[in-house]
Amino acid sequence: MITRRRLAALSACAALAVGLAACGGSDSSTGDSASGAGLKVGIKFDQPGLGLKQGSEYKGLDVDVATYVAGKLGTPADKITWVQAPSAQRESLIETGQVDFIVATYSITDARKEKVSFAGPYLIAGQDLLVRADEAAITGPEALAGKKLCSVKGSTSAQKVKDQNPGVNLQEFATYSECMAALTSRAVDALTTDDTILAGYAAQEQYKGKVKVVGKTFSQERYGIGLKKGNVDLCTKITDAINSMIKDGDWQKAVDANLGPAGYKPGAGNPPTPDACS
Ligand code: GLU
């Protein structure tokens, strides 16, 4: 498929001088928008251990998985453009072609599969609660009635609370870091999302001793790599890359390096076996 961008690139080449080396190569590995120009990859910018922007650097398990996958697709790390992908914007970022794929604690769900496709899972996490260190009453999701709970718009975490704990006073923000600020300032009583994300925050210097993860997960979050719906070719290539990352030991290294410092160890079912693409 020739995309508008590639067409534009082709005509720019023609206008310059036919035969320039830079104009010749076309990398068909991702099917369409990801040509030799590089890849646009959606990640979180504010989730320590997973996707974190620090100055001009990007760190975390999702960054490492994305970088590994991009490498297998023929794109070196310095040709990746990192795009912030807040939970509620992920499907539209993919649908509108603003990213080639998303690696952002993005759970595979049937509802999301109506709009996008997924490769993976590459990690299985679980929903949990984070409370202030001195909190004694909130011991699990069943103890949330009448409490102020923070989560993020467009997340499975918020959806689960709405479905299962309608009596809870749920406040939805755009990012989990906003929830962290609300928790420590006592504007909310708890924050709910994946245990991976909560462990990352709890281990941050500024939160140490101030918050604690409750530690009773109540869902299975299968992290996938989101891509354009129906792009089976790209899905298959990304799935192959995930499988080889697990097989060659890089997956374990990335998990240890990124989640280890927060004391997080992936639970049963990890490393997962990716689903077949369809
Ligand atoms: N994994 C869950 C989701 O995809 C929660 C974390 C997030 O919002 O990124 O909705």
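Every number for a ligand or one of its atoms is a count from 1 in the order of the listing.
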Donor-acceptor contacts, no H, no angles, side chain residues 196-208, under 3.5 Å, sequence neighbours left out:
residue	atom	partner	partner atom	Å
T196	OG1	Y223	OH	2.7
Y201	OH	D46	O	2.8
Y201	OH	S177	N	3.2

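Every salt bridge (charged side-chain N to carboxylate O under 4.0 Å, His left out) that E142 has, sequence neighbours left out, goes to K216.
Sequence neighbours left out, the pairs with a member in residues 191-278 that pass disulfide bond (SG atoms under 2.5 Å apart) are C235-C277.
You'll find the side chain of L39 stays beyond 4.5 Å of the side chain of K79, heavy atoms only.
Salt bridge annotation for D189-R132: present, with a cationic side-chain nitrogen under 4.0 angstrom from a carboxylate oxygen. A salt bridge does not link E178 with K153: none of the charged nitrogens is closer than 4.0 Å to a carboxylate oxygen.
If you look at ligand 1, the protein residues with a non-hydrogen atom under 4.0 Å away are K44, S87, R90, A104, T105, Y106, S107, R112, S155, T156, S157, Y176, T193, D194, I197, E221, Y223.
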